[in-house]
Amino acid sequence: MAVSAGRAARDVVADAAMCPYRLVLEHVTSRWGVLVLIELLERPYRFSELRRAVGRVSERGVSEKMLAQTLQTLERDGLVHRDAKPVIPPRVDYSLTGLGREAAEQVRALALWTQERMADVEQARRTYDEARRTYDEARTYDEARRTQDEAGRTQGEAGRTQDEARAARTRAS
């Protein structure tokens, strides 16, 4: 109990130190936050249904722990509503609040833009990678030339120093 209370206190202090806007943005745009918000736009979900739905659109499924933490964070921010029904077995539904729907629509618009513009992004990446590769090759070539030039100068200086020493011995004798 003391460990979790200590961790919670540290989390509150860390949260307070961050800009509140950035903190909400991090929650909304987190790996699981994005997927949860977009899924909840369609309809309310029970926990296990939401976990399966998010798992279908991600490379790996979300763990129960991560989904629970994400939902709690979004609920705390006023984006998700948790409706616990007093039945046996317990039933908990998650849905978006008005604020959550607004945020989810913005996130979905960004996700759709990404999907529509992915070909352009991939082309930009190829162009960047090619320019970077060319730059790196040129830089490597220039560095090799400088190293050779410096090695040549060092050998030349060493040769001159030996010649000077011989000349000095010859003058001294």
Side-chain angles (χ1 to χ4, degrees), residues 1-140:
M1 185 81 170
V3 172
S4 63
R7 184 177 302 129
R10 279 193 311 275
D11 291 346
V12 168
V13 170
D15 286 356
M18 292 184 79
C19 169
Y21 309 110
R22 194 173 106 212
L23 190 60
V24 172
L25 188 60
E26 284 183 18
H27 296 164
V28 169
T29 61
S30 71
R31 177 180 186 177
W32 303 116
V34 167
L35 299 176
V36 165
L37 290 170
I38 290 173
E39 284 298 324
L40 288 175
L41 264 173
E42 303 306 317
R43 64 179 179 86
Y45 280 91
R46 294 179 72 178
F47 184 87
S48 57
E49 289 177 315
L50 184 57
R51 184 169 180 228
R52 281 191 298 275
V54 168
R56 281 192 298 269
V57 295
S58 68
E59 294 174 14
R60 300 185 312 204
V62 59
S63 69
E64 286 185 22
K65 179 181 177 183
M66 281 309 304
L67 181 58
Q69 287 176 352
T70 300
L71 288 166
Q72 286 174 348
T73 299
L74 295 173
E75 182 182 6
R76 181 173 181 250
D77 289 342
L79 305 175
V80 169
H81 174 71
R82 181 180 186 272
D83 184 21
K85 297 188 179 14
V87 295
I88 297 186
R91 180 184 170 116
V92 179
D93 291 319
Y94 293 92
S95 61
L96 292 174
T97 63
L99 189 60
R101 181 161 297 285
E102 186 179 332
E105 287 170 353
Q106 298 295 321
V107 169
R108 182 172 58 184
L110 181 59
L112 290 172
W113 175 87
T114 304
Q115 186 177 3
E116 292 167 3
R117 302 301 294 216
M118 197 61 208
D120 296 325
V121 170
E122 288 172 342
Q123 179 57 47
R125 287 176 177 173
R126 284 190 296 273
T127 301
Y128 174 88
D129 291 345
E130 181 57 34
R132 184 63 191 222
R133 194 172 19 262
T134 301
Y135 170 78
D136 288 344
E137 288 169 0
R139 192 180 69 194
T140 301

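Since this is a predicted model, take the numbers as computed values, not measurements.
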- prompt: Should we count NZ of K85 as having more than 12 external heavy atoms under 6.0 Å?
  reply: yes
query: Which atoms form the tightest heavy-atom contact between P90 and R46, and what is the distance?
result: O-NH2, 3.9 Å
query: Atom CG in D129, atom OG1 in T134: separation rounded to 0.5 Å?
result: 10.5 Å
message: How long is the straight-line distance from OG1 of T70 back to CG of L35, given to the nearest 0.5 Å?
response: 9.5 Å
task: Show the numbers, then the answer: is there a salt bridge (charged side-chain N to carboxylate O under 4.0 Å, His left out) between E26 and R22?
output: CA-CA 6 Å; E26 284 183 18; R22 194 173 106 212; 3.4 Å; yes
task: Can you establish whether the number of heavy atoms outside Q123 located under 6.0 Å from its atom CD is more than 12?
output: yes
task: State whether the number of non-hydrogen atoms from other residues, nucleotides or ligands found under 6.0 Å of Q69 atom CD is greater than 12.
output: yes
- line: Separation between CZ (R43) and CG (L96), nearest 0.5 Å, reads 12.5 Å
field: Residue pair L79 / H27, side-chain heavy-atom distance below 4.5 Å
entry: no
field: side chain to side chain contact (heavy atoms under 4.5 Å, CB included) against S30, all qualifying residues, sequence neighbours excluded
entry: none
- request: Decide whether a cation-pi geometry holds between R51 and F47; the criteria are a distance under 6.0 Å from NZ or CZ to the six-membered ring centre and an angle within 45° of the ring axis.
  value: no
query: What's the shortest heavy-atom distance between I38 and A111, and which atoms?
result: CD1-CB, 4.0 Å
- line: Between D77 and L99 the two heavy atoms that sit nearest each other are O-CD2, 4.0 Å
- request: Assess whether side chain to side chain contact (heavy atoms under 4.5 Å, CB included) is satisfied between V57 and E39, documenting all intermediate values.
  value: CA-CA 10 Å; V57 295; E39 284 298 324; 4.0 Å; yes
- line: Residues passing the side chain to side chain donor-acceptor pair (under 3.5 Å) test with R82, sequence neighbours excluded, are Y94
message: Let's go through E105 and R108 carefully: what are the C-alpha distance in whole Å and the side-chain angles of both, what is the deciding distance for salt bridge (charged side-chain N to carboxylate O under 4.0 Å, His left out) to 0.1 Å, and is it a yes or a no?
response: CA-CA 5 Å; E105 287 170 353; R108 182 172 58 184; 5.1 Å; no
- request: Quick one: closest heavy-atom pair of T97 and G78, and the distance?
  value: OG1-O, 2.5 Å
query: Which atom pair, heavy atoms only, marks the closest approach of L37 to A104?
result: O-CB, 3.5 Å
message: Check this for me, if you would: do R133 and E130 make a salt bridge, where the nitrogen-to-carboxylate-oxygen distance has to be below 4.0 angstrom?
response: yes
R31 atom CZ, neighbour heavy-atom count above 12 within 6.0 Å: yes
statement: In short, V62 meets L67 closest at the heavy-atom pair CG2-N, 3.7 Å
